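Everything below concerns the one structure shown next.
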There are 2 protein chains.
Amino acid sequence: MTSRPTSRGTRVRGTRQAEALGAVLADLPAFSSAQEIHAELRRRGESVGLTTVYRQLQVLSQDGGVDTIRDESGETLYRRCRTSGHHHHVTCRSCGRSVEVEGREIERWADNVAAEAGFVDVDHTEELFGRCADCT
Amino acid sequence: MTSRPTSRGTRVRGTRQAEALGAVLADLPAFSSAQEIHAELRRRGESVGLTTVYRQLQVLSQDGGVDTIRDESGETLYRRCRTSGHHHHVTCRSCGRSVEVEGREIERWADNVAAEAGFVDVDHTEELFGRCADCT
DNA sequence: GTAATTGCAAAGGATTTGCTCTGGT
DNA sequence: ACCAGAGCAAATCCTTTGCAATTAC
């Protein structure tokens, strides 16, 4: 098991490493890989094991603290979540800038299309990639 | 480089392995991993190397012959493409049944939202997952 | 004091690459 | 003979696990 938030308790958090990671995540504006985050941590002088970065990131993403997407190479990228609830992202292929967007329309569309095809209990993934109008 | 389709020629294809792979793809109704496809090949008595399966699948997906999606574990799944042009899929989490669906609305939505956020040259990925109404 | 967390080293697992062999024309 | 394609073994690379040492409360 990973780390059940123990219903009530303050369980998770409290370690130097978790703090440092949180700080980095708060600063990184673009989706970054665990390895990049780990590198940034070292750069800041904070020594945190790669394993810990992965584990922490895993927990945070489950708790909704960070969003994740997969780049075309299959690597998982993380970024602190700014809005709550279901949303998607538009990410710049060039600079990595990423904006969270809502998609009520999409959700509706997804449910309809899926229903017509005979599916229930529908869920979906949707990621947008583009280039900042003034990038590169 | 992988294998430029040599403009005119019958280039790719022609080998026993390619034929066998094509046959399997034509039969498999659900998205399958390279490994599953490889297993199915062996099951049919056709001996084809895993490497070949991967390479062939890579070419086919570039040529639009097969669609690919990634399951939550990051594994790439393949399936012969039935319709031409841009489309998405609704896949059953339980049995794997997958239906291709068009989404003009989505494309439009994607372009608009991205444009509003200041992005150009937009592209997107969208996959739907659900459960057949009468599955499991 | 005790349970949670770290983190190194090793394991895993999908996919790719190096390089030689083979089959088709 | 010539070349694209096949394939085995080894290499990659991200991510997870085993397990002992450390830390938080």
Side-chain angles (χ1 to χ4, degrees), chain A residues 1-24 31-42 45-63 65-66 68-79, chain B residues 1-25 31-42 44-63 65-66 68-79:
Chain A
M1 274 291 89
T2 10
S3 93
R4 202 147 2 85
T6 310
S7 44
R8 200 84 332 292
T10 328
R11 272 310 64 59
V12 188
R13 291 266 162 177
T15 64
R16 188 200 89 242
Q17 293 88 329
E19 282 303 324
L21 177 58
V24 169
F31 274 93
S32 317
S33 68
Q35 318 246 7
E36 294 175 326
I37 293 174
H38 178 244
E40 174 59 22
L41 241 10
R42 311 207 89 215
E46 290 289 355
S47 174
V48 180
L50 218 205
T51 305
T52 299
V53 173
Y54 272 111
R55 276 196 283 236
Q56 205 84 75
L57 246 20
Q58 193 174 286
V59 174
L60 289 175
S61 62
Q62 294 184 313
D63 293 359
V66 303
T68 66
I69 59 177
R70 301 258 196 159
D71 65 15
E72 70 294 322
S73 77
E75 206 173 356
T76 301
L77 306 181
Y78 310 79
R79 177 176 183 259
Chain B
M1 275 291 88
T2 9
S3 95
R4 202 148 3 86
T6 311
S7 45
R8 201 84 336 291
T10 327
R11 271 311 59 61
V12 187
R13 293 266 162 177
T15 64
R16 187 199 91 245
Q17 293 85 335
E19 282 302 324
L21 176 58
V24 168
L25 283 173
F31 273 93
S32 318
S33 69
Q35 318 247 7
E36 294 174 326
I37 293 174
H38 179 242
E40 175 58 23
L41 240 12
R42 311 206 89 214
R44 295 190 179 195
E46 290 288 354
S47 173
V48 181
L50 218 205
T51 304
T52 298
V53 172
Y54 271 110
R55 277 199 280 238
Q56 204 85 72
L57 245 22
Q58 192 173 286
V59 174
L60 289 175
S61 62
Q62 293 184 314
D63 293 1
V66 303
T68 66
I69 59 178
R70 300 258 197 163
D71 63 17
E72 70 293 325
S73 78
E75 205 174 356
T76 301
L77 306 181
Y78 310 79
R79 177 178 184 258

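Just so it is clear: chains get the letters A, B, ... in the order the sequence lines come, proteins before strands, and each one is counted from 1. From a predicted model like this one, the values you see are computed outputs, not experimental measurements.
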Glu75(B): side chain to side chain donor-acceptor pair (under 3.5 Å) partners, not counting sequence neighbours
none
[X] has an atom [atom1]; how far is it from atom [atom2] of [N], in whole Å?
X	N	atom1	atom2	value
Glu19(A)	dA24(D)	CD	P	11 Å
Asp71(A)	dT15(D)	CG	P	9 Å
Leu57(A)	dT16(D)	CG	C1'	14 Å
His38(A)	dC13(D)	NE2	P	17 Å
Leu60(A)	dT5(C)	CG	C1'	14 Å
Arg16(A)	dT22(D)	CZ	C1'	11 Å

Are the side chain of [X] and the backbone N or O of [Y] linked by a donor-acceptor pair below 3.5 Å?
X	Y	answer
Arg42(A)	Ile37(A)	no
Asp71(B)	Ser73(B)	yes
His38(B)	Val48(B)	yes

So CG of Leu21(A) and CZ of Arg55(A): to nearest 0.5 Å the spacing works out to 13.0 Å
Review item, nucleotides 12-15 of chain C N/O atoms under 3.5 Å of protein N/O:
unit_1: dT15(C); atom_1: OP1; unit_2: Thr76(B); atom_2: N; d: 2.9
unit_1: dT15(C); atom_1: OP1; unit_2: Thr76(B); atom_2: OG1; d: 3.2
unit_1: dT15(C); atom_1: OP2; unit_2: Tyr54(B); atom_2: OH; d: 2.6

The side-chain contact (heavy atoms from CB on, under 4.5 Å) partners of Ser61(A) (sequence neighbours excluded) come to Val66(A), Thr68(A)
What pairs with Ala20(A) under side-chain contact (heavy atoms from CB on, under 4.5 Å), at least two apart in sequence or on another chain?
Leu41(A), Glu46(A)
Pairs where residues 32-41 of chain B contributes a residue and the test salt bridge (charged side-chain N to carboxylate O under 4.0 Å, His left out) is met, not counting sequence neighbours:
Glu40(B)-Arg43(B), Glu40(B)-Arg44(B)
Summarise how protein sits on nucleotides 17-25 of chain C as a single string, 5' to 3': B when a protein heavy atom is under 4.0 Å from the base, S for sugar-phosphate-only contact, - for no contact.
BB-------
So, is Gln17(A) close to the dG7(C) phosphate, meaning a side-chain N or O under 4.0 Å from OP1 or OP2?
yes
